[in-house]
Number of protein chains: 2
Amino acid sequence: MSASGSGRPVDGERRMPADGERRKPADATIADIHPCSACDVRQLSVCNVLDAPELKRLAEIVSTVTLPAHRTVLHEGDPADHLYNVTGGCVKLYKLLADGRRQITGFLFAGDFLGLALEDRYAYSAEAVGEVTLCRFPRRRLERLLDDLPKLEKRLLGNASNELAAAQDQMILLGRKTAREKIASFLINLAARAERRGQSADPLALPMSRTDIADYLGLTTETVSRTFTQLKTRRVITLLPGGMVALTDRLAIEELASGG
Amino acid sequence: MSASGSGRPVDGERRMPADGERRKPADATIADIHPCSACDVRQLSVCNVLDAPELKRLAEIVSTVTLPAHRTVLHEGDPADHLYNVTGGCVKLYKLLADGRRQITGFLFAGDFLGLALEDRYAYSAEAVGEVTLCRFPRRRLERLLDDLPKLEKRLLGNASNELAAAQDQMILLGRKTAREKIASFLINLAARAERRGQSADPLALPMSRTDIADYLGLTTETVSRTFTQLKTRRVITLLPGGMVALTDRLAIEELASGG
DNA sequence: CGGGACTTTGAGCAAATTCAACCATTGTGG
DNA sequence: CCACAATGGTTGAATTTGCTCAAAGTCCCG
């Protein structure tokens with residue numbers, strides 16, 4: 001089951017502003033002054049509770065990072081020196097057992113926050129699934145900033161509370177659902193999150209490998225593959241080229257997901 | 001698998017101060033004024049970051065509750081009007097699937113916080129395992145108080161972060177560990193928490209039923225029972241009367257727990 | 001066009017579940 | 001006070017779901 005991908009620590013960072021490639025040219029100068037104010041995933045992020053001057057303070061401590069596929073973002077046990085916000089791409093979080101068995105505890109997409117840990121070491125590893133862009137915050141400086149920005153702290157608490165709820169959903173999935181129900185739940189969950197990000201939920205993108213899906217759902221790749229073909233045969237999904245899935249019969253998938 | 005126990009909403013509450021039965025008589029008057037300051041699980045709780053005047057403000061909005069075994073503390077989907085702190089006994093949190101399959105997402109003991117949800121409805125149900133005592137906080141009033149007590153808010157964030165780490169441990173348990181490893185992890189986890197509370201970790205108390213353990217570990221009661229007898233036969237544990245277990249060979253249990 | 005990685009499919013197997021019976025403990029009513 | 005029902009726990013046998021091992025197929029990228 002190969003523990004992880006090729007893993008070296010983060011590099012390739014550079015100061016804001018990031019490339020403006022998916023930003024209108026007119027915004028470029030604004031972005032130079034207040035990079036965060038031109039961020040196209042701000043509305044999805046924890047930063048959305050901050051006003052312009054507060055954003056500016058945040059922008060002062062942030063740097064952007066672009067990582068290629070399979071690059072390790074952070075590693076379990078390493079000093080938790082930085083926190084991140086995903087601005088593009090997909091990141092997987094995982095833990096390993098001594099013998100290499102792996103459990104992926106979550107997939108992060110644009111707008112998702114990464115690294116919350118009031119411990120001084122990361123409790124899990126994180127790796128880029130495809131190419132990923134991230135905002136990076138030095139932990140110490142962000143913590144100091146939090147004292148001045150109670151709104152942000154409240155938002156982080158809300159965020160943590162949501163993640164906790166999601167973790168409990170994942171527990172009932174792992175502990176009590178069948179393979180078919182797990183796959184269905186996974187698809188519905190990804191679709192809902194894609195929608196929230198304003199991305200396509202019906203031809204749904206699955207950027208991660210079958211092995212990743214298996215390690216997320218507590219299955220093997222073979223079972224994941226078999227279950228996909230089973231759902232395909234039953235005409236509830238259609239597997240499209242390029243890692244896309246069509247949710248042909250979304251109602252049926254939703255029923256399966258909730259244990260119908 | 002019978003959904004839950006006999007479940008009616010909380011009652012039987014009364015205002016502080018609680019009975020002083022495990023408090024020295026001399027403290028009784030102090031308790032009348034600042035009930036929280038005499039709390040014997042304060043050092044374990046989120047309240048441990050507050051000084052005397054802050055504690056007093058907290059005490060003003062708290063009431064204590066004693067619930068018999070199997071009483072529902074709060075119910076998934078109900079308005080999240082109160083938050084709780086467990087002061088004695090054991091509470092189980094769980095979620096149900098439509099057909100009654102149950103996943104217990106956690107057991108709470110003295111000092112543990114319950115009900116954190118920035119949603120307006122509880123995301124799970126909670127039920128007393130044995131007789132339980134709780135501190136109860138009206139959510140609105142506690143939220144208002146949080147604006148004045150940033151220390152407490154930070155503590156809650158730290159708490160949530162710890163719970164998140166525990167949730168990830170539970171995910172790798174549910175997704176990737178064998179029945180034997182699950183039981184071993186469960187015992188080690190309970191022992192560590194008992195120790196932190198200053199309770200006996202070696203003759204370890206298991207207040208919950210086999211069914212509860214099964215629903216927590218993603219197993220059936222039969223498998224839990226078989227695994228216990230297997231560990232008993234291998235002389236790594238000893239089952240004692242009164243729901244106690246001796247961790248005869250703790251090292252072996254720890255090795256099993258980490259997937260050795 | 002070829003090679004490597006990923007995915008799918010197949011056959012046999014094993015861990016855990018299901019179904020069923022039995023045992024132990026406890027509480028209750030005759 | 002004891003018989004007995006009820007609950008929870010243990011054990012056994014058969015079954016099943018998902019896993020392991022193995023091979024073939026597909027896709028992508030140079």
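All chains are named by letter (A, B, ...) in the order of the sequence lines, taking the proteins before the strands, and each is independently numbered beginning at 1.
Atom-to-atom, CD of A/Gln230 to P of C/dG10 comes out at 13 Å; the value is rounded to the nearest Å. Between the NZ atom of B/Lys182 and the C1' atom of C/dA16 there is a distance of 9 Å, rounded to whole Å. Counting to the nearest Å, the C1' atom of C/dT8 and the CD atom of A/Glu222 are 10 Å from each other. For the pair B/Ile213 CD1 and D/dT10 P, the interatomic distance rounds to 9 Å; values are reported in whole Å. Atom CG of A/Leu174 is separated from atom P of D/dT17 by 19 Å (rounded to the nearest Å). A/Leu231 places its CG atom 16 Å from the C1' atom of C/dT9, with the value rounded to the nearest Å. We find that NZ of A/Lys232 is positioned 13 Å from P of C/dT7, with the value rounded to whole Å. Rounded to a whole Å, the CG atom of A/Leu217 is 11 Å from the P atom of D/dC19.
Counting non-hydrogen atoms under 4.0 angstrom, A/Ser225 reaches a base of the nucleic acid. Here B/Thr221 lies out of heavy-atom contact (under 4.0 Å) with every strand. Note on B/Thr223: a base of the nucleic acid sits closer than 4.0 angstrom, heavy atoms only. The residue B/Gly218 sits close only to the backbone: its heavy atoms come under 4.0 Å of sugar-phosphate atoms, none of a base.
Remark on DNA chain D: of its neighbouring residues A/Gly242 and A/Lys177, the 5'-side contact belongs to A/Lys177, judged by nearest-heavy-atom nucleotide.
Taking 4.0 Å as the cut-off between side-chain N and carboxylate O, A/Asp249 and A/Arg234 do not count as a salt-bridged pair. Residues B/Arg250 and B/Glu195 are paired through a salt bridge, judged by an N-O separation under 4.0 Å between the basic side chain and the carboxylate. Here A/Asp215 does not pair with A/Lys92 in a salt bridge; the nearest charged N to carboxylate O distance is not below 4.0 Å.
In terms of phosphate contacts, B/Thr220 brings a side-chain nitrogen or oxygen within less than 4.0 Å of OP1 or OP2 of C/dT17.
Cation-pi check for B/Arg197 over B/Phe109 is met; the charged atom lies under 6.0 angstrom from the ring centroid and within 45 degrees of its normal. Both tests pass for B/Arg102 against the ring of B/Tyr94: distance under 6.0 Å to the centre and angle within 45° of the axis. B/Arg210 forms a cation-pi arrangement with B/Phe228, by the criterion of a distance under 6.0 Å to the ring centre and an angle within 45° of the ring axis.
The base of D/dG9 lies outside donor-acceptor range of the side chain of B/Arg226, with no N or O pair under 3.5 Å.
Side-chain contact between A/Ser125 and A/Lys95 is absent, with no heavy atoms from C-beta onward closer than 4.5 Å.
With axes fitted over five pairs at each extremity, the angle between the ends of the helix from C/dC1-D/dG30 to C/dG30-D/dC1 is 30° (10° resolution).
Of the listed nucleotides (C/dT18, C/dA16, C/dT9), C/dA16 has the atom at the smallest distance from the side chain of B/Ala179. Among C/dC19, D/dG9, C/dT7, the nucleotide with an atom closest to any side-chain atom of B/Arg210 is D/dG9. Candidate nucleotides C/dA16, D/dC19, D/dC21 were compared by shortest atom distance to the side chain of B/Leu219, and C/dA16 ranks first.
Taking the six-membered ring for Trp, A/Tyr216 and A/Phe107 have ring centres closer than 6.0 Å.
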